[in-house]
Amino acid sequence: MSDPIKPVIVSGSAPSDRSVNAAAAGDRARPDDDLLRGLNPPQREAVTYRGPALLIVAGAGSGKTSVLTRRIASLLRSREAWPSQILAITFTNKAAGEMRERVGQLVGDVVRGMWISTFHSACVRILRREADQFGFTKNFTIYDSGDSRALVKRLVKEHEADAYGMTPASVQGRISKLKNELADAESFARQANMSDPAERLFAAIFADYQRALQRANAFDFDDLIAQTVYLFRAFPAVADTYRRRFRHILVDEYQDTNHAQYALIHELTRAPGSDAAPTEHGGLMIFDAPSDEPGALLTVVGDSDQSIYAFRGADIRNISEFERDFPGAKVVLLEQNYRSTQNILSAANAVISHNFDRKDKKLWTDVGAGDAIIGFTGYSQHDEAQFVADEIEALHRAGAPYSEMAVFYRTNSQSRALEEIFIRSAVPYKIMGGTKFYERAEIKDAMAYLIAVANPADELSVRRILNKPRRGIGDVTETAIARYAAEEGITFRDALANASALGVGPKIQQAIAQLDAVLAEASEIMLPSSGEIAPPTSVAEGLTLLLNKSGYADALRRSKDPQDEARVENLDELVAVTREFARNNPEGTLLDFLTEVALVSDADDLDDASGSVSLMTMHTAKGLEYDAVFVTGVEEDLIPHRISAGEPGGPQEERRLFYVAITRARKRLHLSLAMTRAQFGEVSVAMPSRFLQEIPHELIDWRQSPGDVNSRGGMQSRALNARRPGGGFGGGGSRYGDDLVPLPRRERPAGDVTKFANRIPAKIRDNGDLELAAGDRIRHDDFGEGRVDMVTGEGAKRVAHVRFDSAGAKKLLIKVAPITKL
DNA sequence: GATGTAGAGCTTTTT
DNA sequence: GCTCTACATC
């Protein structure tokens, strides 16, 4: 990993000014007692300390959100700050929403005046306001990673860069890294080794990419931050307005900030007017921007043990060198954990202590040891999933709500096996951030229609909808339009208005004219040319009009492809989202809607009230907590992930990731793995993760240890060919079965295990309207015969509660379970 | 220009 | 095992 350039800390921050102000502020600070109630001494200090810079080192579960929200409330109550002077930055929209709500509970309605948002949302707000200053307009589009990948892909192809082994993904990743370090195409070209043709090619692609964004009036995710920094540096007067405005800046998850974000914070905390000082005129000060105003007061919260985003440019040094960056900064350490039991914390401490090069920090609690950590080794990923499902059901029967349980995995692909078993076992679940709603093709199409209206310069979006639905506009016509636009010096979008000049057939001319008319009509609804303000419902109206009059909706409805039915439903859902948006944002414009969609990930809108078990990656889990946590796939090559092995600091980051995962658990922690795992269509043997060995064994109660599964000499390969039907495999079948009998505390009967490995059909079956009633006997492919105790639920969600003769009680979704009535 | 089929490549994590 | 792409065919 390349070393990001460490920024020069601006001396203009006038530390003396700051401390004067801090002392004054300290005298005034007398927060109400209720804000400090229930806090331990370090937490109190973190709320009440006043000074230019404060670092709160907050271990997992140490109540940092509580501290942060009370600190904000205390600033307001003591009249040290107006709401509008506060900028609080979090990493995810969900965290921002949560903080807004909790601050609101403390201070009431004035919370509306504060900026509590993610880095990206804050930057969008600034950029929309200032866009005209530097060659953009305020209706710019935000490209998500899919959009920018599409663009990169086209450029890689145009430049034939694949000949040098460049893939769209690698180019995209490299551009993103450079932007996170505030390098642009020019600065890259200056320092690159241009005698290397591959480097020259990359520089050209980078430059083209940036030009394409500019032409499309668009920013990618990384630009949102980097361009804001450039804006501040290029226009000190603009920067000063924000420096004057924000007097208190608070940053959560500081360990995950990258260089660009770090620079942004530094720009914002400089004293207003300080840019003017070091001009070539030396001492000539600009007096309408006096620098006696100090820079904003900075509070950062973080935990270097939870830094898990180095792979995308997060620089751990931002937090580890905070004291050097801000001389005189105060550091407060929060080590008491209010979330987990001591057993869980001991395991977490043991694991993380294997990372050298960290400040020693030990979480502790006074709630007691709690339950042992439960370990389980499955024969296959499905076996493991079945354990998780069974355990969840057992906990649920014992009174634990589903919403208080979560299952974590390292890679998204691991969710499939869990899902399959959960569906069959009728465990209600919800996947966080899996296949995202807004990444579905039909949703992207619909969004492209909206973007084509909002930002006609965005060629990518216009091209996307050109032939969706099919209008007979292919490559040839598309190129003709592009050529015409270039000749006339107009945009691709405007070229559509002149279909007859393109030299294409009459039928196609008509199709183009029709598309142009629909876009124009929708534009009139959502962005009236008369200048009046469109009502918030106009987005829903405009979207409906676009989908109907373009023929898009009709094409799907007419289609015979069964998937298209679901697509129509998804589009209805999108229209519902626009209505919901109108309700929540009475002043919301089309632009506001597009911004929200671009920046809000699916993980953000999770509501825990839904009564489902949450499934997510370990990364998504950060910042969340659950009573019961299942960490699955605790295997070598998965956690730590194989790819991380080659990267400097990789294995350590993986350890922190594992640490984050286990510290999410309040009461119960389950660690599970599988001996074999199918990936790529191939089954391979998995090894227990090294992190398991780092946990003292007395903390883990193994229901089935790796040794139990592995010690029957050479048996693992048997599990691989477990597909054989009922013992017809020489002596192996019965021997295998015999061996299984003495397994401790396993409900599953002998022989059953052999059937489990990878026997799950890829397609979900459909039993149609199979009628079951209490008393019926059924046969299940895996669990054998059993009797139905009762049936609950309705329609497709009817659930049979079955008592199996040998496998015990199970709940099965009747529609999809592999069962037959006897 | 649309549609169907074979083959390659893929899987780290996300605002 | 699945999805996207390229290519062939209509």
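By convention in this document, chain letters (A, B, ...) are assigned in the order of the sequence lines, proteins followed by strands, and residues within each chain are numbered from 1. Scope of the values below: all heavy atoms of this structure, side chains included, with no hydrogens, waters or symmetry mates. All figures in this text were calculated on a predicted structure; none of them were measured in a lab.
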A.B. asks: Whether Thr620(A) contacts dT13(B) is assessed here as follows: a side-chain N or O lying under 4.0 Å from the phosphate OP1 or OP2. Is that the case?
C.D. replies: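 No, because none of the side-chain N or O atoms of Thr620(A) sits under 4.0 Å from OP1 or OP2 of dT13(B).
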
A.B. asks: Can the ring centres of Tyr309(A) and His619(A) be said to be less than 6.0 Å apart?
C.D. replies: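 Between Tyr309(A) and His619(A), the centre distance is under 6.0 Å.
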
A.B. asks: Quick one: do the Ser304(A) and Gln255(A) side chains pair a donor with an acceptor below 3.5 Å?
C.D. replies: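 There is no such pair (donor and acceptor under 3.5 Å, judged by atom type) between the side chains of Ser304(A) and Gln255(A).
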
A.B. asks: Any idea which of dT11(B), dC2(C), dT15(B) is nearest the Arg416(A) side chain?
C.D. replies: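 For Arg416(A), the side-chain atoms sit closest to dC2(C).
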
A.B. asks: Choose from dT15(B), dA2(B), dT14(B) the nucleotide whose nearest atom is closest to any side-chain atom of Arg470(A).
C.D. replies: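 Selected nucleotide (nearest to the side chain): dA2(B).
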
A.B. asks: To the nearest Å, how far apart are Asp147(A) CG and dT15(B) C1'?
C.D. replies: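 Answer to the nearest Å: 14 Å.
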
A.B. asks: Determine the contact category for Thr617(A): base if any of its heavy atoms lies under 4.0 Å from a base atom, sugar-phosphate if only primed atoms, P, OP1 or OP2 are that close, otherwise nothing.
C.D. replies: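 Sugar-phosphate, backbone atoms only, no base.
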
A.B. asks: Using whole Å, report how far NE2 of His641(A) lies from C1' of dT11(B).
C.D. replies: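 Going from His641(A) (NE2) to dT11(B) (C1'), I get 6 Å.
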
A.B. asks: dT13(B), dC2(C), dT15(B): which one has an atom nearest the side-chain heavy atoms of Thr411(A)?
C.D. replies: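 Of all the options, the side chain of Thr411(A) is nearest to dT13(B).
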
A.B. asks: For the side chain of His619(A), starting at C-beta, report the closest nucleotide among dT11(B), dG1(B), dT13(B).
C.D. replies: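 Closest of the options to the side chain of His619(A): dT13(B).
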
A.B. asks: Between P on dT14(B) and CG on Asp220(A), what's the gap in Å once rounded to a whole number?
C.D. replies: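 So the CG-P distance, Asp220(A) to dT14(B), works out to 18 Å.
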
A.B. asks: Tyr262(A) OH to dT15(B) P: how many Å, rounded?
C.D. replies: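 So the two atoms are 25 Å apart, to the nearest Å.
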
A.B. asks: Can Phe311(A) be called stacked on dT13(B) when the rule is centres closer than 5.5 Å and an angle between planes below 30°?
C.D. replies: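 By the stated criterion, Phe311(A) and dT13(B) stack.
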
A.B. asks: From the options dT14(B), dG1(B), dT15(B), select the nucleotide whose nearest atom is closest to the side chain of Val476(A).
C.D. replies: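 Among the listed nucleotides, the one closest to the side chain of Val476(A) is dG1(B).
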
A.B. asks: Give the rounded distance in Å between these two atoms: CD of Glu653(A) and C1' of dT14(B).
C.D. replies: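 That distance rounds to 12 Å.
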
A.B. asks: Between Ile308(A) (CD1) and dT14(B) (P), how many Å, whole number?
C.D. replies: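 My rounded result for the distance is 9 Å.
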
A.B. asks: Specify the separation, in whole Å, of atom CG of Asp637(A) and atom C1' of dT11(B).
C.D. replies: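 In whole Å, dT11(B) C1' lies 13 Å from Asp637(A) CG.
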
A.B. asks: Between the side-chain atoms of Arg312(A) and the base atoms of dT13(B), is any donor-acceptor pair under 3.5 Å?
C.D. replies: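 Side chain to base: no pair below 3.5 Å.
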
A.B. asks: Could you state the OH-P distance from Tyr409(A) to dT11(B), rounded to the nearest angstrom?
C.D. replies: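 Answer to the nearest Å: 16 Å.
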
A.B. asks: Would you please confirm or rule out a distance under 4.0 Å between OP1 or OP2 of dT11(B) and any side-chain N or O of Asn412(A)?
C.D. replies: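 False: Asn412(A) side-chain N/O out of range (4.0 Å or more) of dT11(B) OP1/OP2.
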
A.B. asks: Students often get this wrong, so: under 4.0 angstrom with heavy atoms, is Tyr309(A) touching a base, only sugar-phosphate, or nothing?
C.D. replies: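 Contact class for Tyr309(A): sugar-phosphate only.
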
A.B. asks: Is a donor on one side and an acceptor on the other found under 3.5 Å between the side chain of Asn139(A) and the backbone of Ala454(A)?
C.D. replies: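 Such a contact is found between Asn139(A) side chain and Ala454(A) backbone.
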
A.B. asks: Side-chain N or O of Thr477(A) versus OP1/OP2 of dG1(B): is the shortest distance under 4.0 Å?
C.D. replies: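 So the side chain of Thr477(A) is within the cut-off, an N or O lying under 4.0 Å from OP1 or OP2 of dG1(B).
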
A.B. asks: Relative to the 5' end of DNA chain B, which residue comes earlier, His120(A) or Thr167(A), by the nucleotide with the nearest heavy atom?
C.D. replies: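 Of the two residues, Thr167(A) wins.
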
A.B. asks: Between Glu654(A) and Tyr659(A), is there a side-chain donor-acceptor contact under 3.5 Å, judged purely by atom types and distance?
C.D. replies: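 On atom types as modelled, these side chains do not qualify, holding no pair under 3.5 Å.
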
A.B. asks: Verify the contact: side-chain N or O of Asn467(A) to OP1 or OP2 of dA2(B), cut-off strictly under 4.0 Å; return yes or no.
C.D. replies: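 For dA2(B), OP1/OP2 do have a side-chain N/O of Asn467(A) under 4.0 Å.
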
A.B. asks: Can you tell me, in whole Å, how much space there is between the C1' of dT11(B) and that of dA6(C)?
C.D. replies: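 So the two C1' atoms sit 23 Å from each other.
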
A.B. asks: For the pair Thr118(A) (side chain) and Thr90(A) (backbone), establish whether a donor and an acceptor sit closer than 3.5 Å, ignoring hydrogens and angles.
C.D. replies: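 Flag not set: sc Thr118(A) to bb Thr90(A) has no pair under 3.5 Å.
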
A.B. asks: Side chain of Ile508(A): nearest nucleotide among dT13(B), dG1(B), dT15(B)?
C.D. replies: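 Ranking dT13(B), dG1(B), dT15(B) by closest atom to the Ile508(A) side chain puts dG1(B) first.
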
A.B. asks: Would Arg128(A) and Phe140(A) count as a cation-pi pair here, with the cationic atom under 6.0 angstrom from the ring centre and within 45° of the axis?
C.D. replies: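 Yes, Arg128(A) sits over the ring of Phe140(A).
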
